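All values below were derived from every heavy atom in this structure, side-chain atoms included, with hydrogens, water molecules and symmetry-related copies excluded. Fair warning: this is a prediction, and the values are worked out from it, not measured in the lab.
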Amino acid sequence: MALTIKRLSISIGKLEILHDESIGISNGSKVGLIGRNGIGKTTLLKAILGKIDYTGIIEYTGKVAYFSQNIELSMDKTVRETLEESATIYHQGKFEQELQEIERKLSDSETYNINNLEMTKLTQRYSELLSKKTEHGPPKPTNNLKPVLKKLEIQDSWLDQTVGSLSTGQRTIIALAKILSSDADFLLLDEPTNHLDFKRLDILENYLKTFNGIVVMVTHDRYFLDRVCDTIIKIEKGKLNKYIGNYSAHLKTRKANFEAQKTAYALENKYLANEKDKIARLGKSPQKVKQGKYREKQLEKREIIEKPDMDESQFEPRFEAPPINSNIVLEIVDLSVGYTTPLISDINLNICPKERIVLIGENGLGKSTFFKTIEGRVPPISGEMIFDKRAKIGYVDQELKDLASSATLYEEIHHLLKDMAKTRQHLSMMGFVADEEVYKPISQLSMGEKSRLNLLKILIEKPNLLLLDEPTNHLDIDAREIIEKAFLNYDGAILAVSHDRYFIKKIAQRILKASNQTIIEMPVKN
């Protein structure tokens, strides 16, 4: 099976996502689809599924399973009930429209007046399409579920819990189990690495590397792209740019291409300047004027070499944090967190000003509950938390529930700052510059754009103790590098939950691990 895209154009309203793009992906390829937030990555996946309108041709054979970054599971059902439902399978569905058209013709008596050869072709085509409809019928239970549950280490204790009672990471694992246990031979995965712990990231990496069919995945996990992908497709400026190799190889190729284009651009400009200078010095006799016009026409015929652009963000935000002059921002003593029973107990931790701490650990162990307890949303079971009197918490929730959907970005931030210039300045620090971005309704933002907006809203409040729950989830690679710089320059203290290995290596001064219902300190590897 292969995927072929020919002359593809996609527009949403007046915004053109892709224009006349063609690309081919061979069977067995593991493709990383990258690009900035809002550039059209999810839109392209939906076009392949036939969920949105487009012009051009998208062709593939076989069965497709789709993992949505929004984790489309019913919160009221138990995990057992959820897993008993097979994943939705997509296919090249245009035949259903053709089938309906033939059925309409066969029910029309006028159709039987055509010649026998045409009638035979019509009935043969009808039989082919009926066979195809049977092949692509409703998904059936699979025998592959138990091995996948075992591989993903989905515990029996989860099965009778409701999906809504699970952590976000656990819900991600359940959604992936449905996809990976399907009989699909083509996987479209939209941000599958978000919320996964290190163990499940390793499991998913190994599974996808050995998967026989095509995998096209949107992810901004730079380690994951290096370990799994043999092809990178980057969407930039309405084009699909294909690179052979993993993420690191694609960076080298892009850099080499950029340097070559820069040299060509410089040489062309030098040549054009020399030629124009010669034309200017030819003189004003009729023969010289004629010669000059000829040379000008020859220059106009030359292919224009555009100025090369690496399409890299130049934003380096810096956010204020009120100073704390004491040695400790927060002292945690014998703290136990959870709901009816403790998830994590005997937590003893001191957080100092300007200290950057990352908390790691498997999904479902209570890391987010620990943060909600510090922030005050969940009461502690026992123990105490002693804050410096000048401590001000900023809590970045991974589920993005606190964003209004009817307002624009500008309205959301202007409501906080009450100043037009400051609003535009702060939006630009998070990469929102163009008017079409600034005045976009929040309901139309990608998950990555919502993440950036959410972080901006928190930082505007000038906290000096940041609680970051998976802060890089949904962010594109450029945006991750922007906020990494911002956090390195941040004057407050940071306590973050993260499984982003690049982020941890760059940010963490201390690493804590949730394990066996407690929190332990881990060595930091340079």
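In this structure, Ile360 and Phe198 have side chains that are in contact, with non-hydrogen atoms separated by less than 4.5 Å. Side-chain atoms of Ile174 and Leu73, non-hydrogen and from C-beta on, do get closer than 4.5 Å to each other. Contact check for Ile381 versus Pro342: side-chain heavy atoms found under the 4.5 Å cut-off. With a 4.5 Å cut-off on side-chain heavy atoms, Ile233 and Ile25 count as touching. Two residues are said to be in side-chain contact when any heavy atoms from C-beta on lie closer than 4.5 Å; Thr55 and Ile10 fail this criterion. Within the 4.5 Å cutoff, side-chain heavy atoms of Tyr66 are placed close to those of Lys51. The side-chain heavy atoms of Thr4 and Tyr60, taken from C-beta on, include no pair separated by under 4.5 Å. Side-chain contact between Leu196 and Ile173 is present, with heavy atoms from C-beta onward closer than 4.5 Å.
Under the rule for a ring-ring contact (aromatic ring centres under 6.0 Å, His included), the partners of Tyr243 that lie at least two apart in sequence or sit in another chain are His250. Here Thr193 pairs with Leu201, Thr219, Asp221, Phe224 under the side-chain contact (heavy atoms from CB on, under 4.5 Å) rule; sequence neighbours left out.
Using a distance-only test at 3.5 Å, with no hydrogens or angles considered, a donor-acceptor pair links the side chain of Asn348 to the main chain of Asp334. Between the side chain of Gln170 and the backbone N or O of Ser167, at least one donor-acceptor pair lies under 3.5 Å. Remark: the backbone N or O of Lys450 is not paired with any side-chain donor or acceptor of Asn454 at under 3.5 angstrom. Between the Thr518 side chain and the Ala514 main chain, no donor and acceptor come within less than 3.5 Å of each other. Distance alone, capped at 3.5 Å, is enough to place a donor-acceptor pair between the Lys178 side chain and the Thr82 backbone. With hydrogens and angles disregarded, no donor-acceptor distance shorter than 3.5 Å links the side chain of Lys209 to the backbone of Cys229. Side-chain atoms of Asp197 come within 3.5 Å of backbone N or O of Asn363 as a donor-acceptor pair. Side-chain N or O atoms of Lys234 include none that pairs as donor or acceptor with a backbone N or O of Leu240 at under 3.5 Å. Side-chain N or O atoms of Asp500 include one that pairs as donor or acceptor with a backbone N or O of Tyr502 at under 3.5 Å. Listed for the Gln161 side chain is a donor-acceptor partner under 3.5 Å among the backbone atoms of Ser157.
For the 3.5 Å distance criterion, the side chains of Thr42 and Gln69 qualify, holding a donor opposite an acceptor. Side-chain contact check for Asn473 and His195: at least one donor-acceptor pair (N or O, by modelled atom type) lies under 3.5 Å. No donor-acceptor contact under 3.5 angstrom links the side chains of Asn246 and Asp230, judged on distance only.
Atom CD1 in Ile34 sits 11.5 Å away from atom CD1 in Ile39 (nearest 0.5 Å). Leu359 contributes atom CG, which lies 10.0 Å from atom OG of Ser498 (distance to the nearest 0.5 angstrom). Atoms CD1 and OG1, on Ile244 and Thr231 in that order, are 4.5 Å from each other to the nearest 0.5 Å. Within the model, atoms CG of Leu189 and CG of Leu45 stand 8.5 Å from one another, a figure rounded to the nearest 0.5 Å. Taking OH from Tyr54 and CZ from Arg7, the interatomic distance works out to 12.0 Å, rounded to the nearest 0.5 Å. With rounding to the nearest 0.5 Å, the separation of CG in Leu8 from CG in Leu18 is 5.5 Å.
Counting heavy-atom neighbours within 6.0 Å of Lys6 NZ, excluding the residue itself, gives a total of 12 or less.
Nearest approach of Ser368 to Asp469, heavy atoms of both residues: OG-OD2, 2.6 Å. Heavy atoms only, all atoms of each residue included: Phe67 and Ala175 are closest at CE1-CB, 3.6 Å. Closest approach of Ile374 and Leu467 over heavy atoms only: CG2-CD1, 3.8 Å. Closest non-hydrogen pair, Pro471 versus Ile483, comes out as O-CD1, 4.1 Å. Listed here is the closest heavy atom pair of Ile344 and Ile519: CG2-CG1, 3.9 Å. Of all the heavy atoms in Ala508 and Val358, the pair that sits closest is CB-CG2, 3.7 Å.
Relative to the six-membered ring of Phe487, Arg356 misses at least one condition, a distance below 6.0 Å or an angle of at most 45° to the axis.
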(request) Evaluate the side chain to side chain contact (heavy atoms under 4.5 Å, CB included) criterion for residues Ile442 and Leu453: first the C-alpha distance (whole Å), next the side-chain angles of each, then the deciding distance (0.1 Å), finally the verdict. (result) CA-CA 9 Å; Ile442 291 170; Leu453 177 60; 3.7 Å; yes

(request) Evaluate salt bridge (charged side-chain N to carboxylate O under 4.0 Å, His left out) for Lys506 paired with Glu481, printing each intermediate quantity in order. (result) CA-CA 10 Å; Lys506 202 165 185 178; Glu481 291 176 351; 5.7 Å; no

(message) Quick one, Met217 with Leu208, criterion side chain to side chain contact (heavy atoms under 4.5 Å, CB included). Give me CA distance, side-chain angles, the key distance, then yes/no.
(response) CA-CA 10 Å; Met217 70 190 97; Leu208 295 180; 4.1 Å; yes

(request) Please assess Arg452 against Leu475 for the test side chain to side chain contact (heavy atoms under 4.5 Å, CB included), listing each intermediate value before the final yes or no. (result) CA-CA 7 Å; Arg452 275 189 281 154; Leu475 294 181; 3.6 Å; yes

(request) Report the C-alpha distance between Leu495 and Phe370 in whole Å, list the side-chain angles of each, state the deciding distance to 0.1 Å, and finish with yes or no for side chain to side chain contact (heavy atoms under 4.5 Å, CB included). (result) CA-CA 11 Å; Leu495 178 60; Phe370 174 43; 4.2 Å; yes

(message) What verdict does the side-chain hydrogen bond (donor to acceptor under 3.5 Å, both in side chains) test give for Asp160 and Thr78, after you've listed the backbone C-alpha separation in whole Å, the side-chain angles of each residue and the deciding distance to 0.1 Å?
(response) CA-CA 5 Å; Asp160 294 316; Thr78 66; 5.4 Å; no

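In summary, Asp20 and Lys239 do not engage in a salt bridge, as defined by a charged side-chain N under 4.0 Å from a carboxylate O. Salt bridge absent: Glu236 and Arg36 never bring a charged side-chain N and a carboxylate O closer than 4.0 Å. Salt bridge absent: Asp53 and Lys46 never bring a charged side-chain N and a carboxylate O closer than 4.0 Å. With salt bridges taken as basic N to acidic carboxylate O contacts below 4.0 Å, one links Lys440 and Glu449. The existence of a salt bridge linking Arg501 and Glu205 is confirmed by a sub-4.0 Å separation between a basic side-chain nitrogen and an acidic carboxylate oxygen. By the 4.0 Å N-to-carboxylate-O rule, Glu470 lies too far from Arg480 to be salt-bridged with it.
The stretch residues 359-370 participates, sequence neighbours left out, in these salt bridge (charged side-chain N to carboxylate O under 4.0 Å, His left out) pairs: Lys199-Glu362, Arg200-Glu362.
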